[in-house]
Amino acid sequence: MKKKMVSLICCVLCLLFSGCGPSGYERYRGEFFGTFDTVVSLVGYVHREKDFDRYLGYAQERFQYFHQLFDRYELYEDVVNIKTVNDNAGIAPVKVSEDLFAFLEYCMQWCEKSGGQVNIALGPVLEIWHDYRERYENTAEGMLPAAEQLQAANRLTDPKKVQLDAENRTVFLMEKGMSLDVGALAKGYATEKVGNELYEMGLTSFSISAGGNVRAFSPPAGGERSKWSISIRNPNTEEQPDAEPVDFLYLNELSVVTSGDYQRYYRVNGEKIHHIIDPFSLYPANYYKSVTVIVEDSAKADLLSTWLYILPLDKAKKTAKEMGAEALWVLPDDSIDYTDGYLVYSKNYGGAAAD
Ligand code: ADP
Ligand code: MG
């Protein structure tokens, strides 16, 4: 009897402190840096640490692979990547791997669907903003690029001049000076691919986050709760370090991706000049501080977070609905708005619980 009691106590202690459930699953967490300019973290429930380490190592390798493939600044040995394509603009079609071709086809489909709002051929314009950000991000006062400079660059951003030849698997930017920037989709696309690969390998109860681009798979297997919990960062955290998260979401088998004005920016007259550019005005879109998208596929969530950021609220809500996504917007005055279906996942506004 005494023995039974001791083992019962041990079991309770084990549940309390190590996160291991009666199922024998334990929660592990690991992270790595060096890809997509951000930290990638993996939380998963498995039986043995050794298995988790294997999955984490695999994820790192695959993120590295996609990082190199989608890089527009660096070339790598034996890799034909976005930079190779850009360097050959106006010169010659570039033969690319199946993976890069499939990704670019995906990007071009969404460029068309979004009516050019998310345009990966916007490179020449984004490049100017990138340079200004680099120059001014650590200074108190920055400058804006001249409208004429942006307009001149915009002459080289026509997505119709991105030629994808499926038969020869080549990509050709038809004019010299054109360039691709896949920053709006790359991280989400990689997260979705790597997440699904891990799932196929046998890791099923996990969540992977690439710099806040979160993809949750099957429910936490530990037994203590039945949903993944994801917090939405307060866009004012830099100015108010104690600011509470905007909300907490409880969900499984979905992605949560946020685009915000706090991710990359510099200041002009105290105003944040950030990195999401309205391709029609050629200036940063200023309808919101942040947009959070909930939808299954992480690549879709990533591109939607950029797209819905650029649209005014009525159009953004309509687009979210058409795309089968739920979303939350933080407006410049810190008020919030959301799609009806968002509430199902929301703790603060819909009363959802972790279970
Ligand atoms: P982050 O990747 O920082 O989380 P986003 O997913 O919103 O943020 O993507 C922003 C990135 O997308 C920018 O850094 C830039 O490379 C690119 N970008 C910005 N505006 C556009 C646009 N209108 N169309 C396509 N790409 C864009
Ligand atoms: Mg995005």
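All figures in this text were calculated on a predicted structure; none of them were measured in a lab. Counting convention: from 1, in listed order, for ligands and their atoms alike.
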Test of understanding: given a 4.0 Å heavy-atom threshold, classify the contact between [X] and ligand 1 as side chain, backbone, both, or neither.
X: His275; value: both
X: Asn213; value: neither
X: Leu126; value: side chain

Considering both backbone and side-chain atoms of [X], is one of its nitrogen or oxygen atoms within less than 3.5 Å of a nitrogen or oxygen in ligand 1?
X: Asp302; result: yes
X: Leu122; result: no
X: Asp278; result: no

I need the nearest protein heavy-atom contact for [atom]: residue, atom name and distance, please.
atom: atom 7 (O) of ligand 1; value: Ser259 OG, 2.6 Å
atom: atom 20 (N) of ligand 1; value: Ile277 N, 3.1 Å
atom: atom 4 (O) of ligand 1; value: Lys187 NZ, 3.3 Å
atom: atom 2 (O) of ligand 1; value: Gly183 O, 3.6 Å
atom: atom 16 (O) of ligand 1; value: Asp181 OD1, 2.9 Å
atom: atom 24 (N) of ligand 1; value: Asn119 N, 3.0 Å

| request: Determine, using the 4.5 Å side-chain heavy-atom cutoff (strictly less than), whether Tyr189 and Leu122 are members of one ILVMFWY cluster. | output: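 No, Tyr189 and Leu122 fall in different hydrophobic clusters.
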| task | Indicate, with yes or no, if the rings of His275 and Tyr265 have centres closer together than 6.0 Å. | result |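 They do not qualify: ring centres at least 6.0 Å apart.
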| So, for Tyr342 and Tyr349, is the gap between ring centers shorter than 6.0 Å? |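 They do not qualify: ring centres at least 6.0 Å apart.
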Taking only heavy atoms of [X], which atoms of ligand 1 are found under 4.0 Å from at least one of them?
X: Ile276; value: 7 (O), 19 (C), 20 (N)
X: Ile310; value: 23 (N)
X: Pro279; value: 23 (N)

Non-hydrogen atoms of [X] and [Y] that approach each other most closely:
X: Phe103; Y: Ala186; value: CZ-CA, 4.1 Å
X: Lys317; Y: Tyr338; value: CE-O, 3.5 Å
X: Glu175; Y: Ala89; value: O-CB, 3.5 Å
X: Phe280; Y: Gly115; value: CZ-O, 3.6 Å

| task | Could you please spell out the steps behind the side-chain contact (heavy atoms from CB on, under 4.5 Å) verdict for Tyr309 and Val291? | result | CA-CA 6 Å; Tyr309 194 100; Val291 179; 3.7 Å; yes
| field | Intermediate values then yes/no, side-chain contact (heavy atoms from CB on, under 4.5 Å), Trp129 and Tyr266 | value | CA-CA 10 Å; Trp129 285 109; Tyr266 67 99; 3.7 Å; yes
| request: With atom 12 (O) of ligand 1 as the reference point, say which of Ala210, Ala184, Gly260 has the nearest heavy atom. | output: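 Looking at heavy atoms only, Ala184 sits closest to atom 12 (O) of ligand 1.
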| Just going by heavy-atom distances, which of Arg72, Arg264, Gln117 is nearest to atom 22 (C) of ligand 1? |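 Nearest heavy atom to atom 22 (C) of ligand 1 lies in Gln117.
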| query | Between the Mg ion (ligand 2) and Thr306, is there an N, O or S atom separated by less than 2.8 Å? | reply |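 Yes, Thr306 qualifies, because one of its backbone or side-chain N, O or S atoms lies under 2.8 Å.
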| request: Given side-chain hydrogen bond (donor to acceptor under 3.5 Å, both in side chains), test Asn234 with Thr237 step by step and report yes or no. | output: CA-CA 6 Å; Asn234 192 311; Thr237 309; 4.8 Å; no
| request: Sort out for me which residue in Ile336, Thr292, Leu308 forms a side chain to side chain contact (heavy atoms under 4.5 Å, CB included) with Trp329. | output: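 Testing Trp329 for a side chain to side chain contact (heavy atoms under 4.5 Å, CB included) against Ile336, Thr292, Leu308 leaves exactly one candidate, Leu308.
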